[in-house]
Protein chains: 2
Amino acid sequence: MDEKLTIQDIARLAGVSKSSVSRVLNNYPAISQELRERVMRVVREYNFVPNVTARGLAGGKTRLVGVLTPPLTWPAIPEMLRGVAEYIERTSYEMVLYSINFENPTHTDVVDRILSLRMVSGLLAILPCDLTPHLLKHFERGLPMVMINDQEPPEHFPCPWVGVDNRTGGYQATRHLLDLGYRRIAHVMGPKRYYCAQERFEGYCQALREVGLEPDPELLLQGEFDPASGRRCARELFARERTRWPEAIFVANDQMAYGFLEVAEEQGIQIPQDVALVGFDDNLVSSHVRPPLTTVRQPFSQMGAKAIELLLKMVDPDHVLPRARAAEDEGHTEAGARMTPATGPLAAAADGSGHQLRVHETSAPYRLDGAIHIQLDTSLVVRASSVPA
Amino acid sequence: MDEKLTIQDIARLAGVSKSSVSRVLNNYPAISQELRERVMRVVREYNFVPNVTARGLAGGKTRLVGVLTPPLTWPAIPEMLRGVAEYIERTSYEMVLYSINFENPTHTDVVDRILSLRMVSGLLAILPCDLTPHLLKHFERGLPMVMINDQEPPEHFPCPWVGVDNRTGGYQATRHLLDLGYRRIAHVMGPKRYYCAQERFEGYCQALREVGLEPDPELLLQGEFDPASGRRCARELFARERTRWPEAIFVANDQMAYGFLEVAEEQGIQIPQDVALVGFDDNLVSSHVRPPLTTVRQPFSQMGAKAIELLLKMVDPDHVLPRARAAEDEGHTEAGARMTPATGPLAAAADGSGHQLRVHETSAPYRLDGAIHIQLDTSLVVRASSVPA
DNA sequence: TTGTACGCGTTATCAG
DNA sequence: CTGATAACGCGTACAA
């Protein structure tokens, strides 16, 4: 097919100057229709694609964006990246993946090295954990950046940001349990240093107060967002005399909920008959555990897509490709269909218990202290861990 | 810190020519020790990193390698990429991720676009499915490429290749069940068009014959490597009269095994008491399903690492960084237990439940018809789905 | 062993 | 609106 044509060759073939070819290729506004067509004909015929490297050198824009992630084996990461990849595929940009290992103490060096290469024209930082302060320095020094980071309070956070409404999420989970008639509802919090953990807790409190209940300190446990701490909390709770058990538990993330399921099975505790359980996240496996987990769904894939869209808008306001909008409607319904398979929500909808699957919607982006923030909605996914089949 | 120093600036600061700086930076052999030190001092002081883009343009090597993957939500992909990322992090290369959606009918175009950009100096194609023929064209046209692809028979496969010994894997699974005393052992095959499915089946047959048994056609089912087909096969099997049930089942991958677990739970069939179950892959979730799944482990992360190592050796034989080897021995014992056979066998530890975990070893790379092939070993992971706790 | 000069393929800046 | 021409930052023959 193509060997190694340059813009020069195309220019010669089309009988124009290479600057003209360049202009056509970059959608320069003031070009005669005739020239544009003449060039495009040759471009298409030879399947010409300009050399990215040269483009980067000359124009300063690399058409590469970096994506910094925790190990891909973390629960939500692959889904977020799917959203990123699907969006990026429809642009002329490419994604350079930096999957960093937080175990490595030198990870700030890694970040510096990445950025000093000046290869990426922007950075999407996904759950950067303790790297946040370091990254913010680069941001303040001018690197276009977007974060997906639920550890920091959005207020006064200087960097563009995509996240979900954790408060409402916590409310949804708790409200669901209240609607089922439960009153003694425990909450297993995430680490207090994580803002999302605080928000989910606040949502929990708000739902309780709405029905005239006050959060009971005895029913509040402290977890670490991992299965081990879930197991620990479960053992602690189930070691109490039966009368002091809660009727239901809202666990601040699915990982800890898995720990609860394990302990429950060990000890022969029936879920939801003995205790109802609701998690948060809707990880891919949550519909496959036993019993399938009722949980608050975060639209991870959509978060990734929104975040990369925002980033590209920052580095290149008109990066949008022709077929972008059409694909957005279609592709998302397909992605959305994944939300309502026969296994999970369908059963809930079918059992006539009146629980609905509220499909998330995109809130409009808003500015807080000058930085754009996009907050997406969570949605409750009802499965068998809260309502018996 | 650094603003935008060029090699020219460094040269001036060090009082040498820019070619000298370039040579030092590229480990050119014939350089005086003094010059090298003089340059490196300045380089370090200013934290200089050469511009990748310019490097790519001038030298023709981009220091970027492409990694083509199915959606990251596929079971083994994140683990493979973890291996890739951990290796790449220790080199001066970066990974450009192309996560493609096989649903998209135009994916060959996507591939062509990627490659015509001439941005990546090599491509690692992970489980490219029906894209293989198309990719091979690019390979034969000179693009350095490595595949992780278990659908094709290694013989006569022209492209460097990393995979596992599926035959021995199938043997291990079956042998394990035989050792437990089972004789009526069913096998749920993967699609016949996948070479790995055939190999696993052959391993199954070999183990049976070793103890004087002949594979029973009645106990051979055909699946499609997805949970749905697993459920289908399970229903088919368990619908037979009880005397015609197998005592144990070797399912050709974990995904299908999940389907078996679901159906078993639906129908109140006890695993392993009523039927023992062994899968293949050891996906991340397989230790968390109920009961935890006995399975043949593929060293996905190591496969990724080996594959990218091979690819980098092809595009740049001495890409190894100074700290690479040290890191491999030391800091990497944790992650590196997967990489170095040295730490392998010793780690034959119990996973808490007293079941042995045989750690796989790396076979030496060998050539087949001129193309390098690396075949890694699988290992049996015994959990509760085959031996009651 | 080191320095000089040119080229890599594009974009941007000028004239025209 | 279009065409020369100068950067962009680095690698590398070639010369010294």
Side-chain angles (χ1 to χ4, degrees), chain A residues 2-40 42-43 46 48-64 92 116-121 315-316 318-319, chain B residues 2-40 42-43 46 48-64 92 116-121 315-316 318-319:
Chain A
D2 48 352
E3 248 331 298
K4 38 188 165 186
L5 291 177
T6 77
I7 202 175
Q8 186 70 271
D9 300 320
I10 303 299
R12 189 168 35 71
L13 260 26
V16 299
S17 76
K18 62 174 187 175
S19 340
S20 294
V21 177
S22 174
R23 291 197 185 94
V24 170
L25 258 25
N26 291 290
N27 290 317
Y28 201 76
I31 306 183
S32 72
Q33 192 57 27
E34 189 236 334
L35 195 159
R36 165 165 278 122
E37 276 174 16
R38 187 131 64 102
V39 171
M40 284 312 287
V42 180
V43 164
Y46 290 87
F48 171 75
V49 182
N51 177 311
V52 215
T53 310
R55 247 183 172 169
L57 224 206
K61 359 193 69 184
T62 47
R63 309 247 178 181
L64 287 175
S92 62
S116 59
L117 284 172
R118 301 177 185 297
M119 186 173 53
V120 296
S121 13
V315 312
D316 180 0
D318 37 42
H319 69 271
Chain B
D2 47 353
E3 248 332 297
K4 39 188 165 186
L5 292 177
T6 77
I7 203 177
Q8 187 71 270
D9 300 320
I10 303 298
R12 188 168 36 72
L13 258 26
V16 299
S17 78
K18 64 173 190 176
S19 359
S20 293
V21 177
S22 173
R23 291 196 184 95
V24 170
L25 259 23
N26 292 290
N27 288 317
Y28 201 75
I31 306 183
S32 72
Q33 192 57 27
E34 189 234 334
L35 195 156
R36 164 165 278 121
E37 276 173 17
R38 187 130 65 103
V39 170
M40 284 312 288
V42 181
V43 165
Y46 290 87
F48 172 75
V49 182
N51 177 312
V52 215
T53 311
R55 244 182 172 171
L57 226 205
K61 2 193 67 185
T62 48
R63 308 246 177 183
L64 288 176
S92 61
S116 58
L117 285 172
R118 301 178 187 296
M119 186 174 52
V120 296
S121 12
V315 310
D316 180 0
D318 37 42
H319 68 272

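Below, each value reflects all heavy atoms present in this structure, side chains not excepted, and no hydrogens, waters or symmetry copies. A quick note: this is a predicted structure, and the numbers were derived from the prediction, not measured. Proteins come first, then strands; the chains are lettered A, B, ... in the order of their sequence lines, and each starts at number 1.
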Legend entry - side-chain N/O A:Ser20 vs D:dG3 OP1/OP2, d < 4.0 Å: yes
Inset, instruction - Return the value, rounded to whole Å, for the distance between atom CG of B:Asn51 and atom P of D:dA7. - result: 18 Å
Inset, instruction - Considering just the side-chain nitrogens and oxygens of A:Ser22, establish if one lies under 4.0 Å of OP1 or OP2 belonging to C:dT11. - result: yes
Legend entry - A:Thr6 side chain near C:dC8 phosphate (N/O to OP1/OP2, under 4.0 Å): no
Legend entry - Side-chain N,O (B:Thr53) to OP1/OP2 (D:dG9) below 4.0 Å: no
Inset, instruction - Give one of base, sugar-phosphate or nothing for A:Leu35, where a contact means two heavy atoms less than 4.0 Å apart. - result: sugar-phosphate
Inset, instruction - With DNA chain C as reference, determine whether B:Lys18 or B:Arg36 sits nearer its 5' end, using the nearest nucleotide of each. - result: B:Arg36
Inset, instruction - Keeping the roles fixed (side chain from B:Thr53, backbone from A:Thr53), state whether a donor-acceptor pair exists under 3.5 Å. - result: no
Inset, instruction - Identify whether any heavy atom of B:Leu57 sits under 4.0 Å from a base atom; if not, whether one sits that close to sugar-phosphate; answer base, sugar-phosphate or nothing. - result: base
Inset, instruction - Measure from the side-chain heavy atoms of A:Ser19 and tell me the nearest of D:dG11, C:dG9, D:dA4. - result: D:dA4
Inset, instruction - Go through D:dT5, D:dG11, D:dC8 for me and flag the one nearest to the A:Ala58 side chain. - result: D:dC8
Inset, instruction - Report yes if a side-chain nitrogen or oxygen of B:Arg55 is closer than 4.0 Å to either non-bridging phosphate oxygen (OP1 or OP2) of D:dC10; otherwise report no. - result: no
Inset, instruction - Establish, with yes or no, whether the OP1 or OP2 oxygen of D:dG11 is under 4.0 angstrom from a side-chain nitrogen or oxygen of B:Asn26. - result: yes
Inset, instruction - Look at the side chain of A:Ile7 and decide which nucleotide, out of C:dT10, C:dG3, D:dC10, has an atom nearest to it. - result: C:dT10
